J.: 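Could you have a look at this structure, given as C-alpha cells, before my questions?
No experiment lies behind these values; they were computed from the predicted model shown.
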Amino acid sequence: MTSLMIYGTTSSAGKSLIATGLCRIFSNKGYKTTPFKSQNMSRYYYTLENGKIISSAQYIQALAARSMLDNRINPLLLVPKTDIGSAVYFMGEKVSDMAAKDYFAYKKELKEEISKIYHSLKNEYDVVIIEGAGSPAEINLMENDIVNTGMANIANTNCLLVVDIDRGGAFAHLYGTVMILPEEDRNRIKGFIINKFRGDASFLDSGIHMIENLTGIPVLGIVPYGHYDLPEEDSLSGEDTVKSFDIEKIDTEIEKLAEDLEKYLDMDKILEIMNL
C-alpha cells in the first residue's frame with residue numbers, strides 16, 4: 001500500500017530506533033506493518049524457526065510491527081569476519097566469506113532479486129518501514145546501491161533523514177547530505193528528524209529556521225536523548241544473544257519508544273507524506 005524510508009546522516013544516527021518506533025506506531029493505528037532493510041552489516045543476528053538468520057535489528061522491528069518473522073525483511077546480512085571481509089548471507093543462508101571487493105561485485109547481481117523481495121512484502125502489507133544503512137551520501141557507493149538511494153528508487157518511496165545532534169555538527173550533516181545527492185534523490189527527502197537532543201529545544205529555533213530555508217525541507221521533530229532497554233544492533237558475540245532477552249520487557253520498551261515518538265514527531269505530516 002505505502003512505504004517510508006528512514007535515512008541517517010551517519011551510522012548510529014538513530015535509524016533503527018526511529019524505524020522500530022514507527023513500526024509500532026503504525027501497528028497501533030491498525031495498519032498491517034512490516035520492516036525492511038535490504039542489506040545490514042552486524043555481528044548480532046537472530047535465527048528463525050526455519051534455520052535462516054536475519055539481523056537482530058529487523059527482528060526487533062518485526063516485534064514492534066507485530067508482523068511475521070520472515071527472512072524477506074532482511075535479504076542481505078553481512079557478518080564481519082575481518083577488517084576487509086564478511087560472511088555474506090542471502091535470504092538467511094550463507095553464500096560464502098567474501099572480501100569487500102568480491103562482495104561489491106556480487107551485489108551487482110542482486111538488484112532485481114531485492115526488488116522482487118521488497119515488492120512481495122509490499123503486496124502483503126499496508127505499510128513498509130524501510131531502513132537505510134550508514135548514510136545515503138556515500139557518493140562512492142551510489143552507482144550500484146541497493147540499500148539507500150538505490151532502495152528508495154526500487155520502492156519509489158519518500159524518505160525521512162535522521163541526524164544525531166549529540167555528536168555535534170547536526171545542521172552541517174543535514175545540509176551536506178541533502179546537497180550532495182542528485183536532484184531526484186534529494187527530492188525524495190520530505191522531512192528531517194533531529195535525534196538525541198539534550199536541553200532546551202528552543203535553542204534550536206534559529207537553526208531550524210535556517211536549515212528549512214536552505215533546503216526547503218521541514219524539521220518534523222526533535223527527539224530527546226532516550227534510554228530504551230532494547231538489544232544493541234551490533235554485538236561482538238556473533239550469536240543469537242537476542243534470545244536471552246525478555247520479550248515482554250522488549251515489548252514494553254518498544255511501546256515506550258512509540259509513545260515518545262508520537263509525542264515528539266509531527267505524525268500528521270508523516271501520515272500526509274505517506275498518503276495515509
Side-chain angles (χ1 to χ4, degrees), residues 1-8 13-38 40 46 54-75 117-133 147-148 151-152 154-162 188-195 217-224 226 228-231 233 247-276:
M1 179 178 169
T2 190
S3 60
L4 181 68
M5 187 153 194
I6 309 302
Y7 284 152
K15 296 182 296 293
S16 293
L17 204 67
I18 298 294
T20 299
L22 289 174
C23 281
R24 177 53 59 91
I25 287 170
F26 287 111
S27 176
N28 285 346
K29 290 181 180 298
Y31 295 104
K32 187 179 180 183
T33 304
T34 186
F36 182 81
K37 185 168 185 172
S38 56
N40 205 341
Y46 180 83
I54 58 173
S55 165
S56 64
Q58 278 62 67
Y59 167 74
I60 296 298
Q61 288 166 2
L63 294 181
R66 303 184 179 97
S67 62
M68 181 172 63
L69 291 175
D70 186 333
N71 46 277
R72 289 180 297 169
I73 68 176
N74 177 211
I117 292 163
Y118 166 76
H119 283 99
S120 72
L121 281 171
K122 188 174 180 182
N123 289 337
E124 295 174 20
Y125 288 88
D126 301 325
V127 170
V128 184
I129 300 297
I130 309 168
E131 182 187 341
V147 67
N148 287 310
M151 187 62 231
I154 287 171
N156 190 25
T157 190
N158 289 326
C159 310
L160 302 181
L161 179 60
V162 181
R188 291 192 183 279
I189 300 176
K190 303 300 184 183
F192 297 141
I193 297 174
I194 297 175
N195 193 31
I217 299 171
V219 173
L220 300 183
I222 301 168
V223 180
Y228 306 100
D229 193 4
L230 294 170
E233 181 172 0
I247 299 302
E248 289 187 8
K249 184 175 182 180
I250 289 175
D251 193 72
T252 298
E253 292 298 300
I254 289 171
E255 199 64 41
K256 176 183 172 184
L257 168 63
E259 289 173 0
D260 285 348
L261 292 189
E262 284 215 273
K263 179 178 178 181
Y264 294 110
L265 298 183
D266 185 345
M267 286 305 304
D268 289 337
K269 183 63 176 177
I270 291 172
L271 288 167
E272 180 184 326
I273 290 168
M274 298 175 70
N275 296 313
L276 288 174

J.: CG of L160 to CD1 of I217: how many Å apart, nearest 0.5 Å?
T.: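 Taking CG in L160 and CD1 in I217, the distance rounds to 10.5 Å.
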J.: Going by the side-chain contact (heavy atoms from CB on, under 4.5 Å) test, name the single residue among I129, I60, L261 that passes it with T20.
T.: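 Result for side-chain contact (heavy atoms from CB on, under 4.5 Å) with T20: I60.
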J.: Would you indicate whether the side-chain heavy atoms of K32 and R66 approach each other to under 4.5 Å?
T.: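 Result no, sub-4.5 Å side-chain heavy-atom pair not found.
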J.: Quick one: CD1 on I254 to CG on D229, what's the gap to the nearest 0.5 Å?
T.: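 One finds 11.5 Å between CD1 of I254 and CG of D229.
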J.: Atom SG of C159 and atom CD1 of I6: how far apart are they, to the nearest 0.5 Å?
T.: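 One finds 8.5 Å between SG of C159 and CD1 of I6.
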J.: Which pair of non-hydrogen atoms, one from N195 and one from A13, has the smallest distance, and what is that distance?
T.: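 That would be ND2-O, 2.9 Å.
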J.: Indicate yes or no: at least one non-hydrogen side-chain atom of K122 is less than 4.5 angstrom from one of T34.
T.: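 No. Closest side-chain heavy atoms not under 4.5 Å.
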J.: Could you give the distance from CG (L230) to NZ (K249), rounded to the nearest 0.5 Å?
T.: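 Atom-to-atom, L230:CG and K249:NZ are 10.0 Å apart.
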J.: Can you check whether V127 reaches T2 side chain to side chain, under 4.5 Å on heavy atoms?
T.: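 Yes. Closest side-chain heavy atoms under 4.5 Å.
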J.: If you look at every heavy atom in M267 and I25, which pair is closest and at what distance?
T.: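 Closest pair (atom of M267, atom of I25, distance): CE-CG2, 3.8 Å.
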J.: Could you measure the distance from the OG1 atom of T157 to the OH atom of Y118? Nearest 0.5 Å is fine.
T.: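 If we round to the nearest 0.5 Å, T157:OG1 and Y118:OH are 5.5 Å apart.
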J.: In terms of the angle between their ring planes, are Y31 and F26 parallel, tilted or perpendicular, with boundaries placed at 30° and 60°?
T.: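 Taking F26 first and then Y31, their aromatic rings stand perpendicular (interplane angle over 60°).
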J.: Where the side chain of K37 meets the backbone of G132, is there a donor-acceptor pair that is under 3.5 Å apart?
T.: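 Yes; at least one donor-acceptor contact below 3.5 Å.
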J.: Taking all heavy atoms of A62 and all of P35, pick out the closest pair and write down the distance.
T.: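 Closest pair (atom of A62, atom of P35, distance): N-CG, 3.6 Å.
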J.: With rounding to the nearest 0.5 Å, note down the distance linking OG1 in T33 to CG in L22.
T.: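 That separation rounds to 10.0 Å.
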J.: Is any side-chain heavy atom of D251 less than 4.5 Å from a side-chain heavy atom of L63?
T.: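 Side-chain contact under 4.5 Å: no.
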J.: Shortest non-hydrogen contact from I130 to M151?
T.: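 The answer is CG2-CG, 4.0 Å.
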J.: If you take all heavy atoms of A19 and Q61, which pair is closest and at what distance?
T.: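 Smallest interatomic distance, heavy atoms only, reads CB-NE2, 3.7 Å.
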J.: My understanding is that only residues two or more places apart in sequence, or in another chain, count here; which of them pass salt bridge (Lys or Arg N to Asp or Glu O under 4.0 Å) with D70?
T.: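 Residues passing salt bridge (Lys or Arg N to Asp or Glu O under 4.0 Å) with D70: R72.
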J.: Can you find a pair of side-chain heavy atoms, one from P75 and one from F36, that are under 4.5 Å apart?
T.: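 Contact flag for P75/F36 side chains = yes.
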J.: Return a table of donor-acceptor pairs under 3.5 angstrom between the side chains of residues 269-276 and protein atoms on other chains or two or more places apart.
T.:
unit_1: K269; atom_1: NZ; unit_2: E272; atom_2: OE2; d: 3.4

J.: Between N28 and E255, is the side-chain hydrogen bond (donor to acceptor under 3.5 Å, both in side chains) condition met? List the steps.
T.: CA-CA 9 Å; N28 285 346; E255 199 64 41; 2.9 Å; yes
J.: Quick one: closest heavy-atom pair of I154 and H119, and the distance?
T.: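 Where I154 meets H119 most closely, the heavy atoms are O-CE1, 3.4 Å.
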J.: Check whether any side-chain N or O of N158 sits under 3.5 Å from a backbone N or O of K190 as a donor-acceptor pair, and report yes or no.
T.: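 Flag not set: sc N158 to bb K190 has no pair under 3.5 Å.
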J.: Check whether N148 reaches the backbone of A133 with its side chain - one donor and one acceptor, N or O, closer than 3.5 Å.
T.: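 At least one qualifying donor-acceptor pair exists.
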